[in-house]
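To keep things clear, I will list the structure first and then write my remarks on it.
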Amino acid sequence: MSERKVILSGMRPTGRLHLGNYLGALQNWVKLQDEYQCFFEIADWHALMSDYKNPSDVCEFGFDMACVWLAVGLDPERCVIFRQSDVKEHLELFFILSTITPLGWLQRCPTYKEALENLKESEEIRNYSFLGYPALQAADIALYRANFVPVGVDQLPHLEFTRELVRRFNHLYKTDIMVEPNEILNKVDKLSGTDGRKMSKSYGNTIYLTEEEKDIKKKINSMVTDPARIHPTDKGHPQVCTVFNYQSIFSEDEKDEIEKKCLEGKIGCVECKKILNEKLSGLITPIREKYKEFKKNPEKVNNILEEGNRQAAGQACKNLAAFKKEMGYG
Ligand code: TRP
Ligand code: SF4
């Protein structure tokens, strides 16, 4: 058990989880549970940095997110699911790491610069905590002495930051107690939004992992197809079609045939969408049903989280004590 390599990953509870979260993370997390000792964190402090105006939403999304995690198959018997803010050691290590973090590292962090540029309401995130985002993430990872962190490419700068900070700690205190983590890059199939644009909550072009049957149908029906195609017998261009982007990911067994038929004008878009609808319903229905069960039993979920918090804290407490000892900070 203790021989297994350690994995830590997290997600910010900022909204309902959608298909992109499944493909980009959860699908992989579920697979990693047996091979590694896994810690999966509801990164609520990270969410609060940008959503501080709605703290109760952060709490609610966090609980909701745990229900979805359990519904997709994260198994509390095989992994530790916990809430960042409930394991107090995160902030303690965050502070210790802050003292050895050069300000320039934070200011130069590409995700920080991008966030400042992108968000029109950038004033909103010009708060003190947000600058320290990567240092808190480094604390999350270092605290469990994680060997691997499953993430998407967008998180690579944070991982590099973590490695640098870990090296700095070890160098400064002449130790090797902190572990330099490596990424496990989530294999991602690029899924676009239902309108063909980038998938984003704010565009309303996502399909949720707990989407109701009729809404899945509605969203698929409103998807844009090949605009040059008017009659079902017209030759289509699947490469420019959003429905085909989805087919190629969710209908792996049929995608070649669909592509061929579309190119030859032998399948209509209505029929094509029907196939996609069946595939997505097949994926989402069991998740939604399990999710609803968990939502109906909040005590059960709270018990799971409490147990997860307890296990995470056990590990965190032990490691933090060892770090402080190495620092000579008794
Ligand atoms: N920053 C990550 C994201 O936005 C979430 C996160 C917080 C995380 N702490 C982490 C990811 C630790 C991996 C490891 O997706
Ligand atoms: Fe797109 Fe399918 Fe229509 Fe081809 S048949 S254009 S792949 S929806």
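Both ligands and their constituent atoms are indexed starting at 1 by order of listing. Position 1 is the first residue of the sequence; numbering continues from there.
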Q) Does Lys88 pair with Glu92 as a salt bridge, N-O distance under 4.0 Å? A) no
Q: Check whether any N or O atom of Ser9, backbone or side chain, sits under 3.5 Å from an N or O atom of ligand 1, and answer yes or no.
A: no
**Q.** Nitrogen or oxygen of Asp140 less than 3.5 angstrom from that of ligand 1
**A.** yes
**Q.** Glu212/Lys292 ion pair, N-O < 4.0 Å
**A.** yes
Q | Any donor-acceptor pair under 3.5 Å from Asn245 side chain to Lys190 backbone | A | yes
**Q.** Per-atom contacts, ligand 1 versus His46 - under 4.0 Å to a heavy atom
**A.** 7 (C), 9 (N)
Q: Measure centre to centre between the rings of His90 and Tyr144, then say whether the value is under 6.0 Å.
A: yes
**Q.** Glu293 with Lys296: basic N within carboxylate O range, under 4.0 Å
**A.** yes
(Q) Give me the nearest non-hydrogen protein atom to atom 5 (C) of ligand 1 as residue plus atom name, then the distance to 0.1 Å. (A) Gly10 O, 3.6 Å
**Q.** Residues, nucleotides or ligands: over 12 heavy atoms within 6.0 Å of Glu160 CD
**A.** yes
Q.
Can you tell me how the ring of Trp69 sits relative to the ring of Trp29, calling it parallel under 30°, perpendicular over 60° and tilted otherwise?
A. perpendicular
Q) By number and element, which atoms of ligand 1 are closer than 4.0 Å to a non-hydrogen atom of Val149? A) 13 (C), 14 (C)
Q: Below 4.0 angstrom from a heavy atom of Ala43, which ligand 1 atoms are there? Numbered from 1 as shown, please.
A: 7 (C)
Q. Taking C-beta and beyond as the side chain, do Pro150 and Asn28 meet within less than 4.5 Å on heavy atoms?
A. no
**Q.** Over 12 non-hydrogen atoms of neighbours within 6.0 angstrom of CD in Glu299
**A.** yes
Q: Ignoring angles and geometry beyond distance, decide whether Tyr133 reaches within less than 3.5 Å of ligand 1 through its nitrogen or oxygen atoms.
A: yes
Q: Test Arg310 against Glu307 for salt bridge (charged side-chain N to carboxylate O under 4.0 Å, His left out), laying out the working first.
A: CA-CA 5 Å; Arg310 204 186 56 75; Glu307 176 57 22; 2.9 Å; yes
Q | Of the listed options Gln137, His158, Glu41, closest to atom 11 (C) of ligand 1 (non-hydrogen atoms) | A | Gln137
Q: Sort by chain and number the protein N/O/S atoms that are closer than 2.8 Å to atom 1 (Fe) of ligand 2, and list them.
A: Cys241 SG
Q | Closest non-hydrogen atom pair, Gln107 against Lys113 | A | O-CG, 3.6 Å
Q | Numbered atoms of ligand 1 (with element) below 4.0 Å of Leu8, judged on heavy atoms | A | 12 (C), 14 (C)
Q: Using a 4.0 Å heavy-atom threshold (strictly under), name the region of Gln155 that reaches ligand 1: side chain, backbone, both or neither.
A: side chain
